[in-house]
Amino acid sequence: MRLTIDQLNAADQATFTRLLDGVYEHSPWIAQQTWSRRPFATLAQLKHALAHTVRSAPLEEQIQLIRAHPELAGKAAIAGELTAESTHEQSRAGLTHCTPHEFERLQQLNSQYKDRFGWPFILAVRGPRGLGLSRQDIIETFAHRLRNHPDFERAECLRNIHRIAEIRLNDKFGQEPVEGQRVWDWAAELAQHTDVPPIEGEPFNLTVTYLTPAHQACARQLQNWMHECGFDEVRLDAVGNVVGVYHGLTADAPRLLTGSHYDTVRNGGRYDGRLGIFVPMACVRALHNRQQRLPFGIEVVGFAEEEGQRYSATFLGSSALVGDFNPDWLAQTDAQQISMKTAMQQAGLPAHLDAIAQEKRDPAHYLGFVEVHIEQGPILDSMDMPVGVVTSINGSSRYAIELEGMASHAGTTPMAQRHDAAAAAAELILYVEKRARQDEQSPHGPSVATVGMLQVPNGSINVIPGRCHLSLDLRAPIDTQRDALTRDVLSELEAICHRRGIQYQARHLLTAAAAPCSPRWQQRWADAVQRCGLPVQALPSGAGHDAMKLHQILPQGMLFVRGGNAGISHNPLETITADDAQLCVEAFQNLLDDLAHHP
Ligand code: HGY
Ligand code: MN
Ligand code: MN
């Protein structure tokens with residue numbers, strides 16, 4: 001008999017607790033304490049309220065909750081003492097059919113883990129999609145998590161307990177996050193295309209940079225899916241953006257512009273950017289299947305290049321849409337000395353400026369720009385909040401720094417006579433970190449600064465580094481703070497090089513203005529999230545997004561979704577759940593509905 005939210009809202013505390021029996025393993029106190037927060041508008045709100053009860057509980061109770069769970073393929077399983085839910089989950093994940101080697105490995109991991117943390121390893125074995133992890137996935141995750149810091153690992157166990165509870169609640173309610181699973185599956189399928197073929201025994205490396213064969217395969221795949229979803233127009237534009245248009249009541253009706261990028265960083269995650277293409281695609285698919293037209297059109301753009309990996313041309317795709325494509329980019333060459341112009345020609349693109357200039361959008365034809373994106377940080381995940389509304393996007397500046405000292409013999413050159421380029425770089429790196437932290441209490445929000453690339457070209461173990469290359473990525477919530485940070489770092493670079501007798505070149509790569517999100521579109525996202533029954537969590541974006549380019553010509557608003565693994569991103573561990581993807585689709589549908597009724 002399926003449980004309903006009305007049943008729970010009408011239940012007394014004892015009945016409420018009984019109806020939710022088994023959701024949190026051997027821990028009825030969570031339902032008991034959450035009862036007083038009813039009524040719940042949606043299942044999503046109930047899930048968040050239950051998680052909030054755990055988050056507000058004393059540390060000791062949280063640890064007791066973790067300890068209430070059985071080990072994976074552990075003693076309780078062997079003795080047949082698992083709860084019905086755990087039995088179902090562990091057997092569905094194949095943990096009752098381990099090979100002797102797998103079983104042995106799991107016993108070893110259980111004991112190492114227990115010795116290190118003092119509680120059992122908790123993993124939602126039904127996984128982020130809900131279909132179930134393989135034994136290999138489980139064992140690899142188990143071994144990987146053994147290395148975590150205890151505080152991080154305790155939080156990770158609680159995240160997995162909430163994921164287990166979420167799946168158990170879905171089962172009780174007979175609910176399946178179908179649209180979220182569709183988005184999740186699109187991400188999994190598109191991630192099969194990568195510049196770096198899988199290396200035996202190595203984790204899968206997702207790298208899709210501008211106009212490579214994998215990038216072009218992604219563009220074809222996105223166009224095919226857009227056709228299948230029922231878009232009226234699908235095309236590849238002059239810079240490789242994939243553009244899908246679903247008409248409004250008329251083909252020339254004003255449009256909502258949305259989308260995100262489909263390129264990735266090297267060895268990146270499968271949701272960064274792409275999620276923001278798939279979510280509106282799923283919404284268009286649902287409208288098409290209902291043969292429903294809105295008073296406005298929906299234009300979904302898969303931006304071809306946002307990360308600036310192959311060429312230093314960050315936000316290239318969205319720059320074309322705002323008429324800000326830098327002509328110098330065409331002559332830029334990649335690591336193989338292939339110019340962007342040549343790469344475009346090889347990919348069958350026009351590769352000339354007037355075709356690119358045609359891509360500039362007339363803002364008069366658009367209502368605004370919205371982008372759905374993973375948060376790429378720990379805030380939402382640390383609050384058990386599935387989605388959040390972005391207030392502003394950090395401004396950034398990027399530089400490529402080349403230091404030139406003097407290569408000389410590591411054994412004979414006295415320390416006081418060295419011009420060590422790497423030591424100069426090290427001194428700058430520590431300054432960058434210290435200087436960014438000075439802004440931690442800034443009223444506008446903190447700055448962040450990163451040296452993400454550091455290289456001693458042709459270095460040798462017994463040669464003092466004569467040259468050193470490094471990158472600077474400096475960000476702040478407002479432009480004046482970003483500029484002060486940049487100014488200080490560059491003047492410290494000057495001082496360090498003067499002191500050490502080092503020559504340097506600082507090549508400016510990018511300055512992106514901070515982009516405050518439009519209050520109107522923040523409110524639209526907030527209303528959309530509230531209609532999902534969730535509290536509205538506003539937060540700034542430390543990461544840059546295509547929305548900050550569209551900000552130049554249109555009001556923009558962003559919806560963030562929490563990432564698993566404490567929101568890690570630009571990393572293969574980047575992950576989201578199908579249930580959270582479902583909430584993104586539902587929130588987007590709420591926004592479309594609101595826009596249709598209150599333009
Ligand atoms: O670096 C960024 O902020 C974005 O992921 N390109
Ligand atoms: Mn990114
Ligand atoms: Mn991104």
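Quantities reported herein were computed from a predicted structural model and do not represent experimental measurements. Whatever order the structure lists ligands and atoms in, that order sets their numbers, starting from 1. In this chain, numbering begins with 1 at the start of the sequence shown.
- Only protein N, O or S atoms were scored, and 3 of them lie under 2.8 Å from the Mn ion (ligand 3).
- Relative ring orientation between W186 and F278 is described as tilted, the plane-to-plane angle lying within the 30° to 60° band.
- Closest to the Mn ion (ligand 2) among the N, O or S atoms of H570 is NE2.
- Under a cutoff of 6.0 Å and an axis angle of 45°, R159 and F152 form a cation-pi pair.
- Of the possible donor and acceptor atoms, one in the side chain of H508 sits under 3.5 Å from a partner among the backbone N and O of L510.
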Worksheet item: Hey, mind stepping through D195 and T207 against side chain to side chain donor-acceptor pair (under 3.5 Å) and telling me if it holds?
Response: CA-CA 5 Å; D195 298 351; T207 302; 6.0 Å; no
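- Each of T258, V243, L256 was compared with E299 under the side-chain contact (heavy atoms from CB on, under 4.5 Å) criterion, and only V243 meets it.
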One line per pair, note the atom names and distance for all nitrogen or oxygen contacts under 3.5 Å between ligand 1 and the protein.
from	atom 1	to	atom 2	distance (Å)
ligand 1	1 (O)	R398	NH2	3.1
ligand 1	1 (O)	R475	NH2	2.8
ligand 1	3 (O)	R475	NH1	2.5
ligand 1	3 (O)	R475	NH2	3.2
ligand 1	3 (O)	G544	N	2.7
ligand 1	5 (O)	E307	OE1	3.4
ligand 1	5 (O)	H570	NE2	3.1
ligand 1	6 (N)	E306	OE1	2.9
ligand 1	6 (N)	E306	OE2	3.1
ligand 1	6 (N)	E307	OE1	2.9

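- By the 4.0 Å N-to-carboxylate-O rule, E233 lies close enough to R255 to be salt-bridged with it.
- R531 has a carboxylate O that lies under 4.0 Å from a charged side-chain N of D593, or vice versa, which qualifies the two as a salt bridge.
- Between the E402 side chain and the R467 main chain, no donor and acceptor come within less than 3.5 Å of each other.
- With respect to the salt-bridge test (charged N to carboxylate O, under 4.0 angstrom), the residues R562 and D381 do not qualify.
- Although no hydrogens or angles enter the test, the distance criterion places no donor-acceptor pair under 3.5 Å between the side chain of N241 and the main chain of V301.
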